[in-house]
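Accompanying notes for the structure given below.
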Amino acid sequence: MSLRFYDTRTRQVRDFVPLREGCVSLYLCGATVQAPPHIGHIRSGVSFDILRRWLMYRGYRVIFCRNVTDIDDKILNVAASEGVQWWEVSERNYRAFAEAYDTLGCLPPTVEPRATGHIPEMIELMRRLIDRGHAYVAEDGSGDVYFDVTSYAEYGSLSNQRLEEMRAAEDGDARAKRDPRDFALWKGARPGEPSWPTPWGPGRPGWHLECSAMATKYLGPTFDIHGGGVDLVFPHHENESAQSRAAGDGFARYWLHNGLLTTGGEKMSKSLGNSLLIPEITRRVRPVELRYYLGQAHYRSNLDYSEESLREAASAYQRLENFLVRVNEIAGPIPDDVPVPEEFAAALDDDLGVPQALAVAHNHVREGNSALAEGAKERAAQIGARLRAMLAVLGLDPLSPQWAGSDDSGLHDVVDSLVSVVLEQRQEARKRKDYATADRIRDQLAEMGIAVEDTPQGPRWELKRS
Ligand SMILES: Nc1ncnc2c1ncn2[C@@H]1O[C@H](COP(=O)(O)OP(=O)(O)OP(=O)(O)O)[C@@H](O)[C@H]1O
Ligand SMILES: [Zn+2]
């Protein structure tokens with residue numbers, strides 16, 4: 001069956017055929033680095049990381065470009081309030097984002113361009129737009145450059161809006177615009193602000209322009225997939241599309257948007273003050289469990305955060321993990337090169353149906369646990385290998401170097417030896433029929449967060465997270 005995705009522009013699920021055989025070009029709107037990431041930002045990162053991994057599994061070379069918006073009103077405001085340089089704010093938060101993507105197991109992008117490194121490309125794009133009559137320099141001498149929305153008949157087609165119904169664009173000085181809906185490509189220099197020279201005077205980039213310039217530079221005038229959160233469809237992506245297409249480029253062929261991480265139904269957002277930062281969450285659950293939580297829902301649906309749903313996700317992940325760890329213990333190393341089951345592949349081919357794909361994974365655990373209970377080692381091992389392949393595609397393989405031991409860096413072995421000594425004493429007590437002592441030992445272990453299970457092969461233990 002073919003790969004297909006929901007395309008925001010056509011508002012339908014379309015077969016995916018890349019521009020160049022065997023290769024997919026993917027652009028994702030990355031961070032505006034005015035603050036460290038909250039888990040909503042990383043949900044976007046994880047969703048597109050799963051997409052990328054699935055495309056790679058399907059045999060494509062993926063060229064993945066994720067930008068960094070390192071100059072912006074919000075960054076300037078933070079710098080002013082802290083009394084530091086704008087680039088100190090950008091650098092600090094850039095590193096926090098990089099660390100968060102890494103912690104959550106997102107593969108590094110093929111290229112990660114920064115807005116301030118691409119001013120010549122932006123000037124060239126503005127020149128093309130001015131020459132074609134789609135952009136103009138403000139007549140008030142401010143140095144602002146605007147896109148003329150009435151000059152471009154397709155304006156509104158991505159977000160499915162009619163020009164007559166659109167509100168005024170918020171950026172720029174309304175007096176300098178020919179039409180309130182025109183948006184700023186370039187912002188003329190204001191006193192005390194950083195600026196770069198252009199043929200129309202010094203200034204700094206508008207947010208929309210930079211993405212068009214960087215996507216085109218690295219992926220070409222026409223490329224396969226443009227992604228981002230659904231909050232960016234309008235105005236950001238509408239404007240990116242308008243600029244590039246009005247300039248004569250084909251731009252993105254498919255538009256994919258992740259749903260939002262919300263709290264109490266509202267977008268998690270720095271400005272709303274309802275952000276949960278990554279270190280706050282990774283104190284409660286492991287990074288791999290957070291990745292499972294953020295990736296488990298369909299990428300297009302909203303995900304409303306609650307402590308309870310986070311815990312449930314962590315337990316669900318532990319069920320998958322515990323099964324693999326047991327198979328590993330009982331049947332030896334699990335191969336990591338078997339194909340994923342057809343049903344799992346079909347779910348991901350169909351607009352990245354992760355919930356259906358995970359249902360297949362959990363069915364494997366149920367079957368695998370029955371196999372283990374029956375002592376069918378060989379069957380359990382085969383199921384384990386398929387499960388491992390599925391989890392690897394989702395970036396969740398507990399036995400991968402990314403996650404194996406991420407929790408304990410060698411401590412697990414030491415604890416295992418200690419717990420074994422204690423469990424031997426418990427076995428001795430049971431043999432003596434001293435059940436009070438045996439139970440006390442088990443209860444003491446439970447208090448430490450160590451759960452003991454008696455199996456036909458002897459007692460096993462595992463860490464229970466509260
Ligand atoms: N709550 C969220 N849920 C899912 N994706 C999000 C969320 N917030 C931001 N994103 C996505 O993360 C990426 C980077 O976002 P960006 O830095 O522009 O954040 P932002 O919208 O300015 O955040 P904030 O509103 O917190 O200031 C974008 O693709 C954006 O759509
Ligand atoms: Zn963008």
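Whatever order the structure lists ligands and atoms in, that order sets their numbers, starting from 1.
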Next item on the list: Flag the pair Asp70 / Asn93 as yes when at least one side-chain heavy-atom distance between them is below 4.5 Å, and no otherwise.
Entry: no
Margin query: Between His208 and Phe183 (judged by ring centroids, cut-off 6.0 Å), do the two rings come close enough to count as a pair?
Written below: yes
Notebook entry, point to check: Looking at the rings of Phe16 and Phe5, which for Trp means the six-membered one, are their centres under 6.0 Å apart?
Noted result: yes
Margin query: For a 4.5 angstrom cut-off between non-hydrogen side-chain atoms, does Leu260 reach Met268?
Written below: no
Notebook entry, point to check: Mind checking what residues have non-hydrogen atoms under 4.0 angstrom from ligand 1?
Noted result: Cys29, Gly30, Ala31, Thr32, Gln34, His38, Gly40, His41, Ser44, Lys74, Gly228, Gly229, Asp231, Leu232, Asn258, Gly259, Leu260, Leu261, Lys267, Met268, Ser269, Lys270
Check: Does the distance from a Lys or Arg side-chain N to an Asp or Glu carboxylate O, for Glu289 and Arg286, drop under 4.0 Å?
Finding: yes
Next item on the list: Check whether the ring centres of His237 and His257 lie less than 6.0 Å apart, and answer yes or no.
Entry: yes
Note to self: Suppose the cut-off is 2.8 Å; how many protein N/O/S atoms fall inside it around the Zn ion (ligand 2)?
What the structure shows: 4
Notebook entry, point to check: In terms of side-chain heavy atoms, does Arg11 have a donor or acceptor partner in Asn160 at a distance below 3.5 Å?
Noted result: yes
Check: Hey, does Val340 have a side-chain heavy atom less than 4.5 Å from the side chain of Val393?
Finding: yes
Check: What orientation do Tyr317 and Tyr292 show, parallel under 30°, tilted 30 to 60°, or perpendicular over 60°?
Finding: tilted
